[in-house]
Amino acid sequence: MNTITALRSRYTSTLSLETVAAWLLAIIWIFPLLYAFWAAFHPSEFMVNFSLFAPLTLENFTNAWSQAPFGRYYLNTFALVTGVVIGQFIVCTLAAFAFARFPIPGKNVLFMLVLIQLFVFPEVLIVENYRIASELGLINTITGIGLPYVASALGIFLLRQTFKTIPRELEDAARIEGCNWLEILWKVYVPLAKPTYLAYGLVSISHHWNNFIWPLVVTNSVESRPLTVGLGVFSAPETGVNWATVSAATLLSIAPLLIAFLLFQRQFVQSFLRAGIR
Amino acid sequence: MSFTNHRKMQLYGALLLLPAALLLTTFAYLPTVTTVINSLFLPGFRGAPTEFVGLENYQVLFDDPTFWKVSRNNLIYAVGTIPTSIALALGMALFVNGKLRGRGFVRMAYFTPTILPMIAAANIWMFFYAPQIGLFNKLLGMLGFSGVNWLGDPSVALSSVIVMSVWKEAGFFMIFYLAALQSMPPELKEAADLEGTSRWSFFWRVTFPLLMPTTLFVLINALINSVRVVDHLFILTKGGPNNATNLLLYYVYENAFSFFDRTTAATITVVILVVLAVVATLKFTILDRRTHYQ
């Protein structure tokens, strides 16, 4: 009896030690973001002189907003993200459908070729992609930022996997009702793949919202810059903007995605998982 | 299925593939081929390749000490970020897989950096690393130590960049470990408890080996990221001081868009492509056999 109590107490004590460690790590991990919040909502002189009673202010946000065209950046990012996701959905759906259901000579080789893009990302080929984008007249356009990502190997792969699990009987039933291939795709396959679209869509949105190096290279003016590039230009040390303003600008750029994440945490996490298992 | 019908299906399938094929050719296959070609030529008028020089550009690149420095940095960066972030990710997953007070919050705290753009994360970490007023030096000052020039001192700058990357990536990898842990049959734990196996030996003898496929998967992702993701360098160090934090892809960017040396950029890109090809082969041969694929 004694040993059992001893064992149990040892068990609970290690558990609580674990809890402490887990919480400590969690606080360290969330701290940078909390610090950015603190800095953004307080006058800049309190950035380094931490005081609980520092007055709250929204001045940093109005400063940031007036010093860079964040409204325009939002618009560009929204246009970019919706454009890319719609384009990916269409192009990847068609390709995935072909890979899942059609007899194409050399299909396996073609599919392997597609999967290469999982490793050779557009940003790795940045120099040649820049040349191609400029030959196509896409420099400094939102299309230019998004187009290289539209034929996404990840999207094709995920949708193909999902389409393959859909029973042929459903397809046959639709054909008996007189549907052609595109109607079958639209009425049978697409609706049944909704969870995959949601998961892939979320991963894609967060990826393109956050993407930096390719948009940086392709854009050179306010008209097409997305938030990340705008933020990068804004907070470059040469610009001499003060840090409280920079943290306000940082929060402005991440706010929509961060709020979406806090609201739909579970979906986000699951979609990363779903897209990751490939 | 009749023969003509079969031919029709083939044609239809090819048409469905067409948009993706066009785009992939334009932005993946063609640029890969032209990059390789450019690396074999010397540029002429307006940067167009003219004179075939074979592997001479590689010779020049391999004689360039900066290239070796950058490659070494990238290796250190990979060795510095990957094992640490994987170990932390595993720890995090074990934490939030068990019973834990405030588990939802803890899980969110770990994962949040994943959602942030690298550029925003770098902005925030700039506050910590700044020499005079940065938080880290303030803390050191309070403890009576003199400050460190975290990003300006060549001997610590790369480590500072690595620390930030680990913070950014660990939570992402945690998700995969968490999923793997949750799909583990609970009977294993019950059996181990009956036999009085300690938690420590259960972890090393059961959990850890079962997590091997996940570890490999995460490792591949981390390897790719270590050559692909350089966004933070644009804010934190711009590759400096004196190339102490320069990484391969950033060096490509510099060569192409700051020094306007497309040939060198193409040659380094081919080196990166070779590295990625090795990683890809690793994935398709090792990982495939471990059933991660369906």
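Reminder, nothing fancy here: chain letters follow the sequence lines and each chain counts from 1. These values consider heavy atoms only, across backbone and side chains, with no hydrogens, waters or symmetry-generated copies.
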Yes or no on ring-ring contact (aromatic ring centres under 6.0 Å, His included) for B:Phe105 and A:Trp23, after CA distance, side-chain angles and deciding distance? CA-CA 9 Å; B:Phe105 168 79; A:Trp23 270 85; 5.2 Å; yes
Looking at [options], which has the largest count of heavy-atom pairs under 4.5 Å with chain A?
| options | value |
| --- | --- |
| B:Ala265, B:Ala120, B:Ala256, B:Ala21 | B:Ala120 |
| B:Val252, B:Thr35, B:Asp231, B:Asn255 | B:Asp231 |
| B:Leu23, B:Ile115, B:Leu15 | B:Ile115 |

Count the heavy-atom pairs under 4.5 Å between each of [options] and chain B, then report the option with the highest count.
| options | value |
| --- | --- |
| A:Ala133, A:Ser206, A:Cys92, A:Ala21 | A:Ala21 |
| A:Ala36, A:Pro148, A:Ala98, A:Ala95 | A:Pro148 |
| A:Leu25, A:Thr93, A:Asn210 | A:Asn210 |
| A:Ile156, A:Val229, A:Val217 | A:Val217 |

Heavy-atom contact with chain B under 4.5 Å, split by part of [X]:
| X | value |
| --- | --- |
| A:Arg101 | backbone |
| A:Val114 | both |
| A:Leu257 | both |
| A:Tyr130 | side chain |
| A:Ile27 | neither |
| A:Leu262 | side chain |
| A:Phe212 | both |
| A:Leu182 | both |
| A:Ala153 | neither |
| A:Leu147 | both |

Which heavy atom of [X] sits nearest a heavy atom of [Y], and at what distance?
| X | Y | answer |
| --- | --- | --- |
| B:Leu273 | A:Val120 | CD2-CG1, 3.8 Å |
| B:Pro117 | A:Thr228 | CB-CG2, 3.8 Å |
| B:Leu116 | A:Leu258 | CD2-CD1, 4.0 Å |
| A:Ser247 | B:Phe127 | CB-CZ, 3.5 Å |
| B:Met9 | A:Phe102 | O-CD2, 3.3 Å |
| B:Pro31 | A:Asn129 | CG-OD1, 3.5 Å |

So which part of [X] gets closer than 4.5 Å to some heavy atom of chain A, the side chain, the backbone, both or neither?
| X | value |
| --- | --- |
| B:Ile272 | side chain |
| B:Thr269 | side chain |
| B:Pro19 | both |
| B:Tyr29 | side chain |
| B:Leu249 | side chain |
| B:Ala130 | both |
| B:Val229 | neither |
| B:Phe257 | side chain |

Taking CZ in B:Arg101 as the centre, count heavy atoms belonging to other residues, nucleotides or ligands within less than 6.0 Å. Is the count above 12?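 It does not: B:Arg101 CZ has 12 such atoms or fewer within range.
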Could you measure the distance from the [atom1] atom of [X] to the [atom2] atom of [Y]? Nearest 0.5 Å is fine.
| X | Y | atom1 | atom2 | result |
| --- | --- | --- | --- | --- |
| B:Thr114 | A:Phe268 | OG1 | CZ | 11.5 Å |
| B:Met174 | A:Phe272 | CE | CZ | 11.5 Å |
| B:Ile119 | A:Leu216 | CD1 | CG | 8.0 Å |
| B:Thr112 | A:Gln265 | OG1 | CD | 7.0 Å |
| B:Phe27 | A:Glu128 | CZ | CD | 12.5 Å |
| B:Phe111 | A:Trp29 | CZ | CH2 | 14.0 Å |

I'd like to know whether A:Ile30 forms a side chain to side chain contact (heavy atoms under 4.5 Å, CB included) with B:Met108, so could you lay out the CA-CA distance, the side-chain angles of the two residues, the decisive distance to 0.1 Å, and finally the verdict. CA-CA 9 Å; A:Ile30 200 79; B:Met108 185 202 75; 4.3 Å; yes
In the structure I gave you, are the side-chain heavy atoms of [X] and [Y] within less than 4.5 Å of one another anywhere?
| X | Y | answer |
| --- | --- | --- |
| B:Ile124 | A:Phe37 | no |
| B:Leu94 | A:Glu18 | no |
| B:Val227 | A:Val124 | no |

Is the backbone N or O of A:Ile213 less than 3.5 Å from a side-chain atom of B:Tyr253, with the two atoms forming a donor-acceptor pair by type?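 Not confirmed, B:Tyr253 side chain does not pair with A:Ile213 backbone.
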Would you please test B:Thr26 and A:Leu136 for side chain to side chain contact (heavy atoms under 4.5 Å, CB included) and show each step? CA-CA 10 Å; B:Thr26 314; A:Leu136 294 173; 4.2 Å; yes
Between B:Leu17 and A:Phe99, is the side chain to side chain contact (heavy atoms under 4.5 Å, CB included) condition met? List the steps. CA-CA 8 Å; B:Leu17 275 185; A:Phe99 278 124; 3.5 Å; yes
Output, in order, the C-alpha distance, side-chain angles, deciding distance and verdict of side chain to side chain contact (heavy atoms under 4.5 Å, CB included) for B:Thr34 and A:Arg131. CA-CA 10 Å; B:Thr34 49; A:Arg131 193 182 53 77; 3.8 Å; yes
